[in-house]
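Notes for the one structure printed next.
Counting starts at 1 for both ligands and their atoms, following the listed order.
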Amino acid sequence: MAGHKGLTLAAEKPNGTGLKVLIVRARWNAEIVESLTSAAVARLTSLGVSSDDVDVHFVSGAFELPFATKALLAKKRYDVAISIGVLIKGDTMHFEYIADASTQGLMRVGLDTGIPVIFGILTCLTEEQALLRSGIGGADKKTGHNHGEDWGQAAVEMALLNNH
Ligand code: DLZ
């Protein structure tokens, strides 16, 4: 049944005019990360963020996201960061370790810096799950919700909350 899962929008549309946003994105699973990033940027700009105020940096994989996000937040004034990556479970324990480390790491960066960090990492058991959650669509051409949209929305909301 539709409408029971996922992000419900706040009654009032948040105004992102003037906000400076850092996006850090991984190069692993690049096509999926690209689709998520595009959706996040589209939502940011639809809420008033200027595309000139969105800086995008690339890192190797999701494991690098916490360190890079912290380092880049220290270099320039940003109101919020979105750290984007896609983890797809393989045959080894890599998935579990990287998912845990990057989740804990990104939470720590936000709490330590006082600048909100949006958790833009998909942790998927299959590639099909990742394709569906990034709006690309799975093998049967069924398209799912692009979670990047939610991350753009959360970024504006958290930046405004933190600035007040
Ligand atoms: C090593 C690795 C593996 C197995 N899987 C992924 C993945 O699905 N998504 C991702 O973003 N990165 C992956 N990586 C790379 C690690 O995140 C990291 O870049 C390397 O271990 C180097 O620190």
Is the closest side-chain heavy-atom distance between [X] and [Y] below 4.5 Å?
X	Y	value
I23	T37	yes
Q104	M107	no
I121	L87	yes
R25	V59	no
K89	T126	no
I88	V86	yes

Using distance alone, determine whether L87 and ligand 1 share an N or O pair under 3.5 Å.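 Such a contact does not occur with ligand 1.
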
Say whether F63, considering both its backbone and side-chain N or O atoms, lies within less than 3.5 Å of an N or O atom on ligand 1.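 Such a contact does occur with ligand 1.
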
Counting non-hydrogen protein atoms only, what is the nearest one to [atom]? Give residue, atom name and distance.
atom	answer
atom 8 (O) of ligand 1	I88 N, 3.2 Å
atom 10 (C) of ligand 1	W28 CB, 3.3 Å
atom 11 (O) of ligand 1	A62 N, 2.8 Å

Measure the CG-SG distance between N29 and C124 for me, rounded to the nearest 0.5 Å.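 Here the interatomic distance stands at 9.0 Å.
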
Any sub-3.5 Å donor-acceptor pair from S35's side-chain atoms to I32's backbone N or O?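 Checking the backbone N and O of I32 against the side chain of S35, no donor-acceptor pair under 3.5 Å is found.
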
Could you name the option among E127, M93, R27, E64 that has the heavy atom nearest to atom 22 (C) of ligand 1?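 Checking each option, the heavy atom nearest atom 22 (C) of ligand 1 is found in E64.
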
If you measure from atom 16 (C) of ligand 1 to every heavy atom of I121, V33, I98, L122, which option wins on shortest distance?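 Among I121, V33, I98, L122, the closest heavy atom to atom 16 (C) of ligand 1 belongs to I98.
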
Please list, in number order, the atoms of ligand 1 under 4.0 Å from a heavy atom of [X].
X	value
G61	11 (O), 12 (N), 17 (O), 19 (O)
H94	1 (C), 4 (C)
N29	7 (C), 8 (O), 9 (N)
V86	7 (C), 8 (O), 9 (N), 10 (C), 11 (O)
S60	19 (O)

Are D79 and K20 within salt-bridge range, i.e. N to O under 4.0 Å?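 Looking at K20 together with D79, the answer is no, because their closest N to O distance does not fall below 4.0 Å.
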
May I ask whether G90 places a heavy atom under 4.0 Å from ligand 1?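 For ligand 1, residue contact (heavy atoms, under 4.0 Å) with G90 is absent.
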
Under 4.0 Å from atom 19 (O) of ligand 1, do we find at least one protein heavy atom?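 There is a protein heavy atom less than 4.0 Å from atom 19 (O) of ligand 1.
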
